[in-house]
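Shown next, in structure tokens, is the structure this report addresses.
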Number of protein chains: 2
Amino acid sequence: MSEQKISEAIHTLKHAGVRITPQRHAILEHLIQSMSHPTADEIYKALEGKFPNMSVATVYNNLRMFKEVGLVKELTYGDASSRFDCVTTEHYHVICDLCGKIVDFHYPGLDEVESLAESVTGFKIARHRMEIYGVCPDCQTKH
Amino acid sequence: MSEQKISEAIHTLKHAGVRITPQRHAILEHLIQSMSHPTADEIYKALEGKFPNMSVATVYNNLRMFKEVGLVKELTYGDASSRFDCVTTEHYHVICDLCGKIVDFHYPGLDEVESLAESVTGFKIARHRMEIYGVCPDCQTKH
DNA sequence: TATTACTTTATAATCGTTACAATTAGTTTA
DNA sequence: TAAACTAATTGTAACGATTATAAAGTAATA
């Protein structure tokens with residue numbers, strides 16, 4: 001379960017020559033254990049009990065670091081804050097238009113979209129992103 | 001050509017009870033004629049010759065308005081500025097990782113993705129977005 | 001023409017994020 | 001284990017995109 005994911009992640013970090021500070025450990029743990037896709041601020045608030053002196057900058061610094069090492073993906077949605085997602089397997093996100101909830105959605109990679117785009121545009125395609133928007137079950141019953 | 005698109009758009013606006021001010025007309029014209037997907041600031045700069053006193057707020061206000069009427073779509077990419085795209089037909093965007101160029105890409109709607117997401121997650125799906133990233137031909141030759 | 005509502009303008013404010021310099025704390029070496 | 005080295009954290013200032021606000025201007029309407 002998540003214990004194992006955490007130690008795997010820590011191993012990855014050590015291998016990349018990164019020190020394991022208490023703050024880092026806590027941010028990582030929170031990212032892995034929370035099944036949601038928290039914003040930097042949510043992580044900050046969640047940990048301020050344990051680390052009353054932690055700076056927001058630390059959260060951002062480490063999230064950037066995790067991203068560079070490949071542990072985490074940043075989900076960017078326009079003006080709103082970025083959300084951060086622990087990379088496990090490839091998946092897409094389904095997002096509720098009303099409450100903002102994000103649900104993981106597995107779908108076989110759209111390789112043919114990439115190859116078609118490559119041949120049509122002449123780009124050397126590296127990746128794609130897709131999000132699906134709608135209203136979640138909770139919000140459907142409430143409205 | 002674009003003359004016709006402009007008058008169509010103006011008709012849509014009038015029908016929605018919106019006054020056609022010179023600034024509005026110019027912003028609309030720029031959006032339709034420029035084949036790119038400009039940011040609010042690019043529009044602002046492009047028009048400051050004609051309208052030395054125009055405020056950025058005017059650009060933002062009108063872009064929001066155009067969006068509400070359905071003339072324009074906002075493309076949001078994380079921290080960077082939003083880009084604005086005149087709605088003509090459904091299409092996706094291919095984006096260069098190096099220079100940021102955006103190219104339109106037509107692909108048959110991924111209806112099956114939406115319907116699968118709907119059945120798997122219980123969401124009532126309304127739409128999706130997809131972007132494809134890579135390196136454009138120009139940047140490929142330069143690097 | 002007077003009234004009304006809508007627009008624009010200029011500027012201040014907001015919010016997420018990053019830069020910076022000073023301090024603190026892991027890690028390594030002796 | 002202690003000194004030395006380097007990376008990480010902290011607090012705060014700064015930044016940039018966007019929005020809010022209030023005052024002034026402009027079009028439409030009676």
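Values below: all heavy atoms of this structure, side chains included; hydrogens, waters and symmetry mates excluded. Sequence lines set the chain letters: A, B, ... in the order given, protein chains first and strands last, and positions in each chain run from 1. Here the structure is a predicted model, which means the values were calculated and not measured.
Taking 4.0 angstrom as the limit, B/R24 places a side-chain polar atom (N or O) nearer than this to OP1 or OP2 of C/dT8. When the side-chain nitrogen and oxygen atoms of B/S82 are compared with OP1 and OP2 of D/dT18, one or more of them lie within a distance under 4.0 Å. Between D/dT19 and B/Y60, no contact under 4.0 Å exists linking OP1 or OP2 to a side-chain N or O. Residue B/N61 places no side-chain N or O under 4.0 Å from the OP1 or OP2 atom of D/dA20. Using a 4.0 Å cut-off, no side-chain N or O of A/Q23 falls inside it from OP1 or OP2 of C/dA25. Phosphate proximity of C/dT8 to B/S55: absent, as no side-chain N or O sits under 4.0 Å from OP1 or OP2. Side-chain nitrogen and oxygen atoms of B/N62 include at least one within less than 4.0 Å of the OP1 or OP2 phosphate oxygen of C/dT8. In this structure, B/T58 reaches the C/dT9 phosphate: one of its side-chain N or O atoms is under 4.0 Å from OP1 or OP2. A sub-4.0 Å separation between OP1 or OP2 of D/dT26 and a side-chain N or O of B/T21 is absent.
Side-chain N/O atoms of A/E114 and B/Y133 include no donor and acceptor closer than 3.5 Å. Side-chain contact annotation: A/S82 with A/E74, donor-acceptor N/O pair under 3.5 Å present.
Judged by atom type and distance alone, A/R19 reaches the base of D/dT6 through a side-chain donor-acceptor pair under 3.5 Å.
With ring centers used as reference points, A/H30 lies 6.0 Å or more from A/F84. Here the two rings, on B/H128 and A/F105, have centers that are 6.0 Å apart or farther.
Taking atom CD1 of residue B/I27 and atom P of nucleotide C/dT9, one finds them 9 Å apart after rounding to whole Å. Taking atom CD1 of B/I20 as the reference point, atom C1' of C/dC6 lies 13 Å away to the nearest angstrom. Atom NZ in A/K14 sits about 14 Å away from atom P in D/dA8, given to the nearest Å. Rounded to whole Å, the distance from CE on B/M54 to P on D/dG25 is 19 Å. Rounded to an integer number of Å, the gap from B/E48 CD to C/dT9 P is 13 Å. At whole-Å resolution of the value, CG in B/L28 and P in C/dT7 are 14 Å apart. A straight line from CG of A/D41 to C1' of C/dT18 spans 15 Å, rounded to a whole angstrom. Between the C1' atom of D/dT10 and the OH atom of A/Y44 lies a distance of 10 Å, rounded to the nearest Å.
Both B/F84 and A/N53 lie near DNA chain D, and the one whose nearest nucleotide falls closer to the 5' end is A/N53.
Nearest nucleotide to the B/V18 side chain, out of C/dT7, D/dA17, D/dG11: C/dT7.
Using a 4.0 Å cut-off between charged side-chain N and carboxylate O, A/D41 and A/R83 make no salt bridge.
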